[in-house]
2 protein chains.
Amino acid sequence: MKHAPLIAKNHMRCGDCPIRHKAVCAYCEPPELAKLDAIKSYRTFQAGETIVWAGEEVDVLGSVVSGVATLSRTLPDGRRQMVGLLLPSDFVGRPGRRTAPYDVVAANEVMICQFTKPQFEKLVSSTPALERRLLDMTLDELDAAREWMLLLGRKTAREKIASLLVIIARRDAALNSTTVGNGLRFALPLTREAMSDYLGLTIETVSRQISALKKSGIIVLEDARHVRVPDYVALLDEAGDDSDGGFIS
Amino acid sequence: MKHAPLIAKNHMRCGDCPIRHKAVCAYCEPPELAKLDAIKSYRTFQAGETIVWAGEEVDVLGSVVSGVATLSRTLPDGRRQMVGLLLPSDFVGRPGRRTAPYDVVAANEVMICQFTKPQFEKLVSSTPALERRLLDMTLDELDAAREWMLLLGRKTAREKIASLLVIIARRDAALNSTTVGNGLRFALPLTREAMSDYLGLTIETVSRQISALKKSGIIVLEDARHVRVPDYVALLDEAGDDSDGGFIS
DNA sequence: GCGTTTGATTGATCTCGATCAAGGTAAGAA
DNA sequence: TTCTTACCTTGATCGAGATCAATCAAACGC
């Protein structure tokens, strides 16, 4: 069985940003980088802070520099389902839309490299490559959402947990490249509750399945928030499919 | 509780097409309609025929004129999850992508108004309004996918069925406007099996929940494929949330 | 120190939807 | 007509994950 490469393609750095903005990648002309550089500023959100309320004006537009943010929808009776996960280099904001139908919440301390909205939109209009890049990113998000639907609709609790670990491992490796021998080590940027919202499970089931993967030797729990994976391929096999494991590119 | 309007916004007709293409809507300049008109042709697929195989070259690009097509992903062991539903006026094809990670299958006889790929892509490059429209449509699909994730992750079987009926009712009403008093009547364009793939359930559960909704008086089954809804708001309430019910606009 | 809070784990039990199985119904072929 | 096939329905039982509940551990304020 062939597996997708662990490390994602790189994106060009925007000026002195501590991350690689996906919105300005190799497809864009270098001059655009300087233009983006001129209209950006940084903004920080605390863990638990809501960055965007569902239905209200979206006043953030930029890239996640550090930390993790979640997109989630809530039913009137309180049931919650996470519908998106924003990790460093992911884009925040909806080009051409005033509002979003979901909450954006900081899972831990989040720094965002923010562009001023009117200036960014002016830049987009005058830069076809940038607009095409936004379409490309949105298609990637759509693919990720559809992979996620397969997970929610048809995978077992154990497969769901393994799939989530694969996604986090890939994203972590793409940013930090902390391989240990032929294994991996990474931090879980989400609480058990956030994981349960992601996977359509309860906290208890998440906890039990993580314990089960530990007992099977697939993962080693250093503490509740740090995981070692001795054999990455074994974890991939637990995830139940041979695709890229729902990598949100 | 306020509910979204039943009928979707209209889209401008492209020449003599029997449907309203979403790709060429009121946002686009009228001259573009004529240009699209010049590069189109019609193509028909039989029920059950695969229009696009997962991973293979996508050689279709256009709009669904009639019939219903489904997008679905399959796990190696055969478990299947539908990840998209294409009804008349929906766009088929992925701008700027060679392949798709899912199968596109005709649920019944499907007619597609197809554009020649290189010419359509040339038109898109030279028409910023069209490119922006494609981005807008992709964002709509993303919103629909996320609504669907909420359904798959957190709704009960009964709520799932009611939500699907709402989606079909809305789409049907937008196209045919067949209201009956303050109720509705429409055909189910999907088999029970396709519904179960859509909702992450088994055929048996779909059948049982439809029977249950019938017994509750929420719906009337004229036969296995035709439904009457005496009270649309009652059905909406069964769907479990006050949103637009996952309307794929 | 101690009490409180927040997040994680584990156990006991229940329930919704899956699974296994048997029939029913309508359309089409021989 | 009867046989076949595809699709749908209903019943009986099972089991994965939810729910209810207790315990534990680390962090924090007083």
Side-chain angles (χ1 to χ4, degrees), chain A residues 46-48 68 70 75 77-81 107-109 151-165 187-215 219-227 238 240, chain B residues 46-49 68 75 77-81 105-109 151-165 187-215 219-227 238 240:
Chain A
Q46 296 310 307
V68 176
T70 63
L75 253 15
D77 63 5
R79 283 175 286 174
R80 189 178 310 154
Q81 175 63 51
N108 43 39
E109 192 178 289
L151 177 149
L152 289 172
R154 295 301 184 195
K155 289 192 180 176
T156 64
R158 186 183 177 102
E159 290 169 332
K160 285 177 175 184
I161 295 286
S163 300
L164 175 58
L165 292 178
L188 297 175
L190 301 175
T191 63
R192 299 290 186 268
E193 185 177 29
M195 291 186 216
S196 71
D197 284 344
Y198 186 115
L199 302 170
L201 299 170
T202 58
I203 300 181
E204 295 93 325
T205 299
V206 169
S207 188
R208 268 186 259 270
Q209 294 300 329
I210 287 179
S211 299
L213 284 175
K214 190 175 66 176
K215 224 164 285 174
I219 61 172
V220 179
L221 266 192
E222 300 188 347
D223 62 66
R225 301 290 286 257
H226 291 88
V227 175
E238 290 291 335
Chain B
Q46 296 310 306
E49 199 176 340
V68 177
L75 254 15
D77 64 5
R79 284 175 284 174
R80 188 176 312 153
Q81 175 62 50
V105 180
N108 42 39
E109 191 179 289
L151 177 149
L152 289 172
R154 295 300 186 196
K155 289 192 181 178
T156 64
R158 186 181 175 103
E159 289 168 336
K160 286 178 174 183
I161 295 286
S163 298
L164 174 58
L165 293 178
L188 297 175
L190 302 174
T191 63
R192 299 291 187 266
E193 184 177 31
M195 291 188 215
S196 72
D197 285 343
Y198 186 115
L199 302 170
L201 298 170
T202 59
I203 300 182
E204 296 94 324
T205 300
V206 168
S207 188
R208 267 187 260 272
Q209 292 302 328
I210 289 180
S211 298
L213 284 174
K214 189 175 67 175
K215 221 164 287 173
I219 61 172
V220 178
L221 267 193
E222 300 187 349
D223 61 68
R225 303 288 286 257
H226 291 87
V227 175
E238 291 291 334

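Order of the sequence lines sets the chain letters (A, B, ...), proteins ahead of strands, with each chain counted from 1. From a predicted model like this one, the values you see are computed outputs, not experimental measurements.
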What string of B, S and - do you get for nucleotides 6-19 of chain D, 5' to 3', when a contact is any protein heavy atom under 4.0 Å? --SBBBB----SSB
Going from CZ on A:R80 to CD on A:E193, what distance comes out if it is rounded to the nearest 0.5 angstrom? 6.5 Å
Taking all atoms of both residues into account, what is the closest heavy-atom pair of B:R79 and A:K155, and its distance? NH1-CA, 3.9 Å
N/O donor-acceptor pair under 3.5 Å between A:K214 side chain and A:L221 backbone: no
Please list each protein N or O that sits under 3.5 Å from an N or O in nucleotides 26-29 of chain D, with the distance.
none

So, for B:A107 and B:A47, which heavy atoms are closest and what is the spacing to 0.1 Å? O-CB, 4.0 Å
Rounded to whole Å, please give me the gap between CG in A:D223 and P in C:dG7. 15 Å
Please round to the nearest 0.5 Å and tell me the distance separating atom CD of B:E49 and atom CD of B:E109. 9.5 Å
B:R79 CZ to C:dT19 C1', in whole Å, measures 15 Å
What integer distance in Å separates B:E222:CD from C:dA26:P? 15 Å
Ignoring hydrogens, what is the shortest heavy-atom contact between A:L213 and A:A162? Give both atom names and the distance. CD1-N, 4.4 Å
Identify the two heavy atoms, one from B:P189 and one from B:V68, that lie closest to each other, and give their separation to 0.1 Å. CB-CG2, 3.4 Å
Work out which heavy atom in B:M195 is nearest to a heavy atom in B:L164; give both atom names and the distance. CG-CD2, 3.7 Å
